[in-house]
Amino acid sequence: MNRDEKECRQLLSRNIKRFRNRLGLSQLNLALELGISTTFLSDIETGKKWVSAQTLAQIAKALKIEVYELFKPEQTVKDDVSAAVIKYLDNIDETFIKSIEDTIRPAVKKSITKMRRYYSAEKSP
């Protein structure tokens, strides 16, 4: 087995297991749904066996994904979150921050003034 084939099998194996776990399916449940043995599914998930195009289509359907997703490298949650945070931060500029300050400052001053009046009134006989 050459390196490219091995990497392809490993990617397929990881993705089947990942999508199966995401759905909360055991190997037994998925194997029963596919009409294959748990041994065969285990061999697929460990990269020992390869599958036909028909079986790939059945696996994808059972996992509620498209076939290409079985061969798509996993993007980590951290990557997704990091990209979202960076995009959000890029959209914040000084004008936005200033508008927040301009909105909050009067409300804070008003609250402080009310608190001073309240506590000053308590001291008066």
Report task. Measure the shortest side-chain to side-chain distance between Trp50 and Leu12 over non-hydrogen atoms and say whether it is less than 4.5 angstrom. Result -> yes
**Report entry** Non-neighbouring partners of Ser111 that pass side-chain hydrogen bond (donor to acceptor under 3.5 Å, both in side chains), sequence neighbours left out
**Finding:** none
Requested in this report: Taking all non-hydrogen atoms of both residues into account, name the closest pair between Ala62 and Leu30 and its distance.
Outcome: CB-CD1, 3.6 Å
Query - Flag side-chain contact, heavy atom, 4.5 Å: Leu56 against Phe71 - result: yes
Report summary line: Rounding to 0.5 Å, atoms NZ (Lys110) and NZ (Lys114) come to a distance of 4.5 Å
Report summary line: Residue set satisfying salt bridge (charged side-chain N to carboxylate O under 4.0 Å, His left out) with Asp4, at least two apart, ordered chain then number -> none
Query raised in the report: Which pairs, with at least one residue in residues 23-42 and sequence neighbours excluded, count as a side chain to side chain donor-acceptor pair (under 3.5 Å)?
Result: Ser26-Asn29, Gln27-Glu45
Report task. First locate atom NZ of Lys49, then atom OG of Ser13, and finally report the distance between them rounded to the nearest 0.5 Å. Result -> 13.0 Å
Query raised in the report: Do Leu28 and Leu41 belong together in a cluster built from hydrophobic side chains that touch within less than 4.5 Å?
Result: no
Requested in this report: Identify, with sequence neighbours excluded, every residue that meets side-chain hydrogen bond (donor to acceptor under 3.5 Å, both in side chains) alongside Glu5.
Outcome: Arg9
Query raised in the report: Just by distance, do the side chain of Asn15 and the backbone of Lys72 share a donor-acceptor pair under 3.5 Å?
Result: yes
Query raised in the report: Are Phe19 and Tyr68 connected, step by step, through hydrophobic side chains (Ile, Leu, Val, Met, Phe, Trp, Tyr) whose heavy atoms are closer than 4.5 Å?
Result: no
Query - Heavy-atom closest contact (Thr103 atom, Pro106 atom, distance) - result: O-CD, 3.5 Å
Report task. Would you mind reporting whether Phe40 and Val51 have side-chain heavy atoms less than 4.5 Å apart? Result -> yes
Query - Ile36 CD1 to Ile44 CD1 distance, which is reported to the nearest 0.5 Å - result: 4.5 Å
Query raised in the report: Sequence neighbours excluded, which residues qualify as salt bridge (charged side-chain N to carboxylate O under 4.0 Å, His left out) partners of Glu69?
Result: none
**Report entry** Results of side-chain hydrogen bond (donor to acceptor under 3.5 Å, both in side chains) for Asn21 - residues two or more places apart only
**Finding:** none
Report task. Starting at CZ of Arg14, measure out to CG of Leu70 and round the result to the nearest 0.5 Å. Result -> 12.5 Å
Query raised in the report: Under 4.5 Å between side-chain heavy atoms, hopping through other hydrophobics if needed: is there a path connecting Leu32 to Ile16?
Result: no
**Report entry** Flag if over 12 foreign heavy atoms under 6.0 Å of CD, Glu66
**Finding:** no
